> 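Sharing a structure, written as structure tokens. Questions coming.
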Amino acid sequence: MQGGIRAFVSQGSIVKNAVLQHARLVNPLKPLLISRYESTSAARIEEQGFESTKISDVLQAKGKGADGSWLWCTTDDSVYDAVKSMTQHNVGALVVVKPGEKSSIAGIITERDYLRKIIVQGRSSKSTKVGDIMTEENKLITVTPDTKVLKAMQLMTDNRIRHIPVIDEKGMQGMVSIGDVVRAVVSEHREELNRLNAFIQGGY
């Protein structure tokens, strides 16, 4: 899947560049004033197009409940209860906090942690605490609400992770998955190609 994501982003950039090149070469005999207008418009499209979506936009698109709110458990909860919560809410990861300190992230626990550290090792999920198998806060790869979506995708694919916490100076703001990021990139590419097509057709 990760290779497919890289190929998709690369292909999107090739399509964008090809369309922009076509836009700049259409009817080269037009007056210089029009050529300057086309060049300026094309540059403006590039600035407003690919890589403009931020993680804050993804959180907002997920809904009010996801923006500033997230599913969590504590370091003292059993792994069994954490996995049960993931299953009930159809998610692949939970934010982990210290008991009584919801605003301070201690780490995250994912399905991968459960498989590798409980199932494979033959440990009991009911007697093992979340804090014993979670990915600790100091080892987490995080983004901020202002991080560009493509940057977040690069971090996730390069580090082979499927969930990434969103943190700013105020603390934990949410969490996004690779699925959230891919949907945002697909939507952004579709909108960009529509803008480029409108430009070629004289919509700008």
Side-chain angles (χ1 to χ4, degrees), residues 1-6 8 54-186:
M1 177 179 178
Q2 293 167 342
I5 292 172
R6 291 192 181 97
F8 171 79
K54 297 180 180 180
I55 289 298
S56 57
D57 299 318
V58 176
L59 289 178
Q60 185 175 4
K62 290 178 69 173
K64 294 181 178 179
D67 190 1
S69 180
W70 56 90
L71 296 173
W72 57 278
C73 61
T74 75
T75 54
D76 288 342
D77 288 337
S78 70
V79 173
Y80 176 85
D81 288 335
V83 173
K84 183 178 179 180
S85 178
M86 284 188 243
T87 302
Q88 290 175 338
H89 295 94
N90 194 31
V91 296
L94 297 177
V95 172
V96 183
V97 299
K98 294 179 181 179
E101 299 181 19
K102 184 181 175 181
S103 61
S104 178
I105 181 173
I108 65 171
I109 181 172
T110 68
E111 294 171 330
R112 184 178 296 177
D113 293 323
Y114 173 65
L115 291 173
R116 291 182 174 180
K117 301 173 184 178
I118 297 295
I119 298 298
V120 173
Q121 296 180 20
R123 299 166 69 179
S124 169
S125 62
K126 291 187 176 181
S127 61
T128 304
K129 293 183 178 181
V130 168
D132 294 334
I133 71 164
M134 69 179 185
T135 300
E136 297 178 349
E137 186 271 337
N138 60 353
K139 297 180 181 178
L140 287 179
I141 296 170
T142 65
V143 293
T144 71
D146 289 332
T147 300
K148 298 294 180 63
V149 164
L150 286 183
K151 176 63 175 178
M153 176 180 285
Q154 181 181 354
L155 286 171
M156 296 171 85
T157 54
D158 288 350
N159 292 280
R160 298 181 180 275
I161 57 177
R162 294 166 52 197
H163 303 85
I164 194 163
V166 184
I167 301 175
D168 62 12
E169 67 278 359
K170 298 179 181 178
M172 183 77 179
Q173 296 301 313
M175 186 156 58
V176 295
S177 68
I178 189 65
D180 297 327
V181 171
V182 168
R183 281 189 291 272
V185 171
V186 169

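A quick note: this is a predicted structure, and the numbers were derived from the prediction, not measured.
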> Give, for atom CD1 of Ile118 and atom CD1 of Ile133, the distance between the pair rounded to the nearest 0.5 Å.
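Ile118 atom CD1 to Ile133 atom CD1 measures 4.5 Å (nearest 0.5 Å).
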> Go through it in stages, so that I can follow the logic: the residues are Ile55 and Gln173, the test is side-chain contact (heavy atoms from CB on, under 4.5 Å), and I'd like the CA-CA distance, side-chain angles, deciding distance and then a yes or no.
CA-CA 10 Å; Ile55 289 298; Gln173 296 301 313; over 6 Å; no
> Distance-only, no hydrogens or angles: does the Thr157 side chain make a donor-acceptor pair with backbone N or O of Gln154 under 3.5 Å?
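Indeed, once roles are kept as given, a pair shorter than 3.5 Å links the two residues.
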> Closest heavy-atom contact between Met86 and Ile109?
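Taking Met86 first and Ile109 second, the nearest heavy atoms are CE-O, 4.0 Å.
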> Taking all non-hydrogen atoms of both residues into account, name the closest pair between Met156 and Ser177 and its distance.
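Scanning both residues, the minimum pair turns out to be CE-C, 3.6 Å.
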> Is any side-chain heavy atom of Met134 closer than 4.5 Å to a side-chain heavy atom of Thr75?
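The answer is yes; the side chains approach within 4.5 Å.
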> For Thr74 and Val130: C-alpha separation, side-chain torsions, deciding distance, then whether side-chain contact (heavy atoms from CB on, under 4.5 Å) applies.
CA-CA 7 Å; Thr74 75; Val130 168; over 6 Å; no
> Please tell me if the side chains of Arg123 and Asp132 come closer than 4.5 Å, counting only heavy atoms from C-beta onward.
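Yes, close enough: below the 4.5 Å cut-off.
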> For Ser124 and Thr128, work out which heavy atoms get closest and say how close.
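Where Ser124 meets Thr128 most closely, the heavy atoms are O-OG1, 2.6 Å.
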> If the condition is salt bridge (charged side-chain N to carboxylate O under 4.0 Å, His left out), which residues does Glu111 pass it with, not counting sequence neighbours?
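Residues passing salt bridge (charged side-chain N to carboxylate O under 4.0 Å, His left out) with Glu111: Arg162.
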> What distance do Ile167 atom CD1 and Leu140 atom CG have between them, rounded to the nearest 0.5 Å?
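Output value for this atom pair is 6.5 Å.
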> Under 6.0 Å from the NZ atom of Lys129, do we count more than 12 heavy atoms belonging to anything else shown?
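For Lys129, atom NZ is not crowded (no more than 12 foreign heavy atoms under 6.0 Å).
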> Does the side chain of Val182 reach to within under 4.5 Å of the side chain of Met153, using non-hydrogen atoms?
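A side-chain contact exists here, since the closest heavy-atom pair is under 4.5 Å.
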> Under 3.5 Å, side chain of Ser85 to main-chain N/O of Asp81, donor-acceptor pair present?
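Such a contact is absent between Ser85 side chain and Asp81 backbone.
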> Nearest 0.5 Å please: distance from the CZ atom of Arg112 over to the OG1 atom of Thr135.
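The CZ atom of Arg112 sits 9.0 Å away from the OG1 atom of Thr135.
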> Can you tell if the side chain of Val58 reaches within under 4.5 Å of the side chain of Val181, non-hydrogen atoms only?
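They are not in side-chain contact.
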> Whether the side chain of Asp168 engages the backbone of Gly171 through a donor-acceptor N/O pair (distance < 3.5 Å, no angle test) should be reported.
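At least one qualifying donor-acceptor pair exists.
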> Nearest 0.5 Å, please: how far is OG1 in Thr142 from CD1 in Ile105?
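Result: 8.0 Å between the selected atoms.
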